[in-house]
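Following: one structure in structure tokens, then a few remarks.
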Amino acid sequence: AFHVQNVESVERDRHGRHCYFENSIVPIIEDGKLVRAWGVQRNITERKQSTEALRESEQRRLVAVEAAGVGDWRMNFGSGLLECSPRAVRMHRREGEGPIGIEEHDRLIHPLDREAVQAARAAALDPGGEGNYRAEFRFAFPHGEIRWFESAGRAFFEFRGESRVPTHIVGAMFDITDR
């Protein structure tokens, strides 16, 4: 019987640099005793550095977005959810975190602005288009408050057979009420 064990390690190379390795070890056990083992060691330093650089880049983006007062979002058509940053959740006058239903988002749009927002969304989702989304609209909150927003984004598509199908829009929204 055998079971593969994967273990990551950090070691120094011959130049004294830290390198990351993934070690796959297969112990061979017969009659409950370790008979032998074999393994493979892969240098995963580039993968680890890329992952860390991506994580750091994402943290810088989050800090910049928060400092600029931007609420970023991802409108996912498969799930019907608007996945929001904490600021975008607050712009919707919601507490906590988590996604907002696209229908709930659309209900907040002032009735006089809904047609223009739907047209901008339809243009972005046109498989023959560039996928650009831009809309200016008001949210009409149930307690009577009205706030103006500008929203911009880009639609993403995938091919299903010969058809180019929209999957989601990624974007950002800004409160422009004072303007």
Given the options E103, H92, H168, R74, L82 meets side chain to side chain contact (heavy atoms under 4.5 Å, CB included) only with H92

What's the spacing between [X] [atom1] and [Y] [atom2] if we round to 0.5 Å?
{"X": "C19", "Y": "Q41", "atom1": "SG", "atom2": "CD", "answer": "9.5 Å"}
{"X": "E11", "Y": "H18", "atom1": "CD", "atom2": "NE2", "answer": "10.5 Å"}
{"X": "S24", "Y": "R42", "atom1": "OG", "atom2": "CZ", "answer": "4.0 Å"}
{"X": "D175", "Y": "E150", "atom1": "CG", "atom2": "CD", "answer": "11.0 Å"}
{"X": "I176", "Y": "S151", "atom1": "CD1", "atom2": "OG", "answer": "10.0 Å"}
{"X": "R36", "Y": "I29", "atom1": "CZ", "atom2": "CD1", "answer": "11.5 Å"}

For atom CD of E115, decide whether the heavy atoms of other residues, nucleotides or ligands shown that lie under 6.0 angstrom number more than 12.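 Result for CD/E115: open.
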
Should we say atom CD of E46 is surrounded by more than 12 heavy atoms from elsewhere, each under 6.0 Å from it? no

Could you report the tightest heavy-atom contact between [X] and [Y], atom names first, then the distance?
{"X": "A155", "Y": "A124", "result": "CB-O, 3.3 Å"}
{"X": "E136", "Y": "R179", "result": "OE1-NH2, 3.4 Å"}
{"X": "P27", "Y": "A37", "result": "CA-CB, 4.0 Å"}
{"X": "I100", "Y": "V89", "result": "CD1-CA, 4.4 Å"}
{"X": "D106", "Y": "R121", "result": "OD1-NH2, 2.7 Å"}
{"X": "G128", "Y": "R164", "result": "N-NH1, 4.4 Å"}

Applying ring-ring contact (aromatic ring centres under 6.0 Å, His included), can you list everything that pairs with Y20, at least two apart in sequence or on another chain? none

Would you say the side-chain atoms of [X] pair up with the backbone N or O of [Y], donor to acceptor, closer than 3.5 Å?
{"X": "R138", "Y": "T177", "answer": "no"}
{"X": "T167", "Y": "F156", "answer": "yes"}
{"X": "D31", "Y": "K33", "answer": "no"}
{"X": "T51", "Y": "R47", "answer": "yes"}
{"X": "N76", "Y": "L81", "answer": "no"}

Relative to each other, are the rings of F149 and F139 parallel, tilted or perpendicular (30° and 60° limits)?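 The rings of F149 and F139 sit tilted, inter-plane angle from 30° to 60°.
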
When the aromatic ring centroids of F137 and H110 are compared, is their separation below 6.0 Å? no

Charged N to carboxylate O below 4.0 Å: is that the case for [X] and [Y]?
{"X": "R55", "Y": "E52", "result": "yes"}
{"X": "E56", "Y": "R60", "result": "yes"}
{"X": "E130", "Y": "R154", "result": "no"}

Do [X] and [Y] share a hydrophobic cluster (ILVMFWY, side-chain heavy atoms under 4.5 Å, transitive)?
{"X": "I109", "Y": "F77", "answer": "yes"}
{"X": "M75", "Y": "L108", "answer": "yes"}
{"X": "L125", "Y": "V117", "answer": "yes"}
{"X": "F141", "Y": "W73", "answer": "yes"}
{"X": "I102", "Y": "M91", "answer": "yes"}

